[in-house]
Engineer: 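So that we are looking at the same thing, I have put the structure below in structure tokens.
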Amino acid sequence: MCDEWMPLIRLPLTKEQLRQLPRNGAYRYELIRGEVYLTPHPKHYHALLDLKEAAARAEVRPTEAAPVTLREVRPDDWADLAPVFAAAFRETQPFGSLDGATRRRAAEACLQRTRSGGDGPWIAPASFVAEEEGVAVGGLLVTLLPAGDPCAYDSYYWPVPPPPDCIERRLGRPHLTWVFVSPDQAGRGAGTTLLNAAVARLVGMGFEELVSTFLLGNESSTLWHWRNGFRLLEYPGSHRRRQRLASGS
Ligand SMILES: CC(C)(COP(=O)(O)OP(=O)(O)OC[C@H]1O[C@@H](n2cnc3c(N)ncnc32)[C@H](O)[C@@H]1OP(=O)(O)O)[C@@H](O)C(=O)NCCC(=O)NCCS
């Protein structure tokens with residue numbers, strides 16, 4: 001989940017300054033021997049979208065004139081998407097604490113991982129680039145995960161490689177692996193337009209649900225998922241869930 005890109009941060013702050021420091025949910029804050037340590041502590045939550053409901057909603061309430069055009073991802077897009085990805089996450093964890101050059105490397109590595117199947121087989125027909133005047137300003141990439149209980153840890157990786165025709169046979173559940181919009185475009189409907197295109201395409205391919213993942217502390221992503229109809233799933237490590245599973249109910 002790209003946690004490897006979150007640096008450990010050490011700050012020469014007093015106890016009182018630590019108390020005043022604004023917090024981000026993806027980090028743990030501790031005073032150790034006179035130094036403040038911000039330790040990566042990412043908490044991932046999952047959310048589910050009913051694709052038919054989402055498609056019906058998009059028809060009734062289309063995105064208000066997003067100033068972008070969409071198209072499928074072309075092989076030569078990946079290099080252009082990396083700077084857009086890096087800019088979108090410049091203040092957002094898990095990449096927001098990196099310097100510019102490292103964030104760019106992280107963007108390239110994450111996109112390469114998605115493209116090459118490291119996040120599950122890439123569903124190219126349901127992945128889109130948003131353009132403004134021919135320049136990429138956003139992207140949305142969907143991959144295929146196993147079709148098990150979406151509240152369980154092991155539904156988020158393939159224990160053995162799936163068969164090559166797994167997408168055609170719908171042997172899994174689509175996962176919204178990345179959505180990113182250039183900061184100049186943010187909040188103007190591009191992300192929702194990208195999502196609506198993916199939803200329509202996934203419905204056409206016969207899929208019923210889209211699962212997604214967000215990091216605690218990424219408020220804009222959380223709000224965006226909520227705004228677009230995603231339902232928060234039970235946290236895989238939830239005590240209540242474990243107790244319920246243990247009691248068999
Ligand atoms: C999250 C993201 C993809 C949303 O795309 P977008 O084009 O900015 O969002 P849209 O214009 O389609 O949707 C706006 C809605 O999302 C929510 N939202 C998004 N960003 C918000 C912010 N900074 N503050 C408050 N609400 C926000 C609001 O509910 C808003 O609804 P409103 O217009 O009724 O207020 C984009 O902001 C982004 O690239 N963020 C950085 C990368 C990231 O975190 N990606 C998600 C994890 S992979």
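All values below were derived from every heavy atom in this structure, side-chain atoms included, with hydrogens, water molecules and symmetry-related copies excluded. First listed ligand is number 1; within each ligand, the first listed atom is number 1. Fair warning: this is a prediction, and the values are worked out from it, not measured in the lab.
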Engineer: Does the separation of the ring centres of Trp78 and Trp122 fall below 6.0 angstrom?
Structural biologist: yes

Engineer: So Phe89 and Phe85, would you call those rings parallel, tilted or perpendicular, with 30° and 60° as cut-offs?
Structural biologist: tilted

Engineer: Side chain, backbone, both or neither: which part of Arg188 comes within less than 4.0 Å of ligand 1 when only heavy atoms are counted?
Structural biologist: backbone

Engineer: Check each of Gly191, Ser220, Cys110 against atom 7 (O) of ligand 1 and report the one with the nearest heavy atom.
Structural biologist: Gly191

Engineer: For atom 3 (C) of ligand 1, which candidate among Leu194, Val179, Thr92 provides the closest heavy atom?
Structural biologist: Val179

Engineer: So, are Arg57 and Asp50 salt-bridged, with charged N and O less than 4.0 Å apart?
Structural biologist: no

Engineer: Indicate, as side chain, backbone, both or neither, the part of Asn218 found under 4.0 angstrom from ligand 1 when only non-hydrogen atoms are considered.
Structural biologist: side chain

Engineer: Quick one: does Trp178 get an N or O within less than 3.5 Å of an N or O on ligand 1?
Structural biologist: no

Engineer: Answer whether the closest heavy-atom distance between the side chains of Cys110 and Phe95 falls below 4.5 Å.
Structural biologist: yes

Engineer: Could you grab the distance from atom OG of Ser212 to atom NE2 of His175, nearest 0.5 Å is fine?
Structural biologist: 5.5 Å

Engineer: Is Phe180 in polar range of ligand 1, meaning some N or O pair under 3.5 Å apart?
Structural biologist: no

Engineer: Geometry only, no angles: is Thr192 polar-contacting ligand 1 at N/O separations under 3.5 Å?
Structural biologist: yes

Engineer: Show me which atoms of ligand 1 lie under 4.0 Å from any heavy atom of Ala186.
Structural biologist: 8 (O)

Engineer: May I ask you to check whether Phe214 and His225 place their ring centers less than 6.0 Å from one another?
Structural biologist: yes

Engineer: Would you check the N or O atoms of Gly189, main chain and side chain alike, for any that come under 3.5 Å of an N or O of ligand 1?
Structural biologist: yes

Engineer: Has ligand 1 got any nitrogen or oxygen that is less than 3.5 angstrom from a nitrogen or oxygen of Gln185?
Structural biologist: no

Engineer: Tell me the nearest of Trp224, Phe85, Phe89 to atom 17 (C) of ligand 1, using heavy-atom distances.
Structural biologist: Trp224

Engineer: Scan residues 154-169 for pairs that pass salt bridge (Lys or Arg N to Asp or Glu O under 4.0 Å), counting only residues two or more places apart or in two chains.
Structural biologist: Asp165-Arg169

Engineer: I want to know whether Tyr235 and Tyr45 have ring centres closer than 6.0 Å.
Structural biologist: yes

Engineer: Check this for me - ligand 1, Ala88, N or O atoms closer than 3.5 angstrom, yes or no?
Structural biologist: no

Engineer: Below a 4.0 angstrom heavy-atom separation, can you tell me which part of Leu223, side chain or backbone, both or neither, approaches ligand 1?
Structural biologist: both

Engineer: May I ask you to check if ligand 1 and Ser221 share an N or O to N or O distance below 3.5 Å?
Structural biologist: no

Engineer: Answer with yes or no whether the hydrophobic clustering places Val203 together with Leu140; edges join I, L, V, M, F, W, Y residues whose side-chain heavy atoms lie under 4.5 Å apart.
Structural biologist: yes

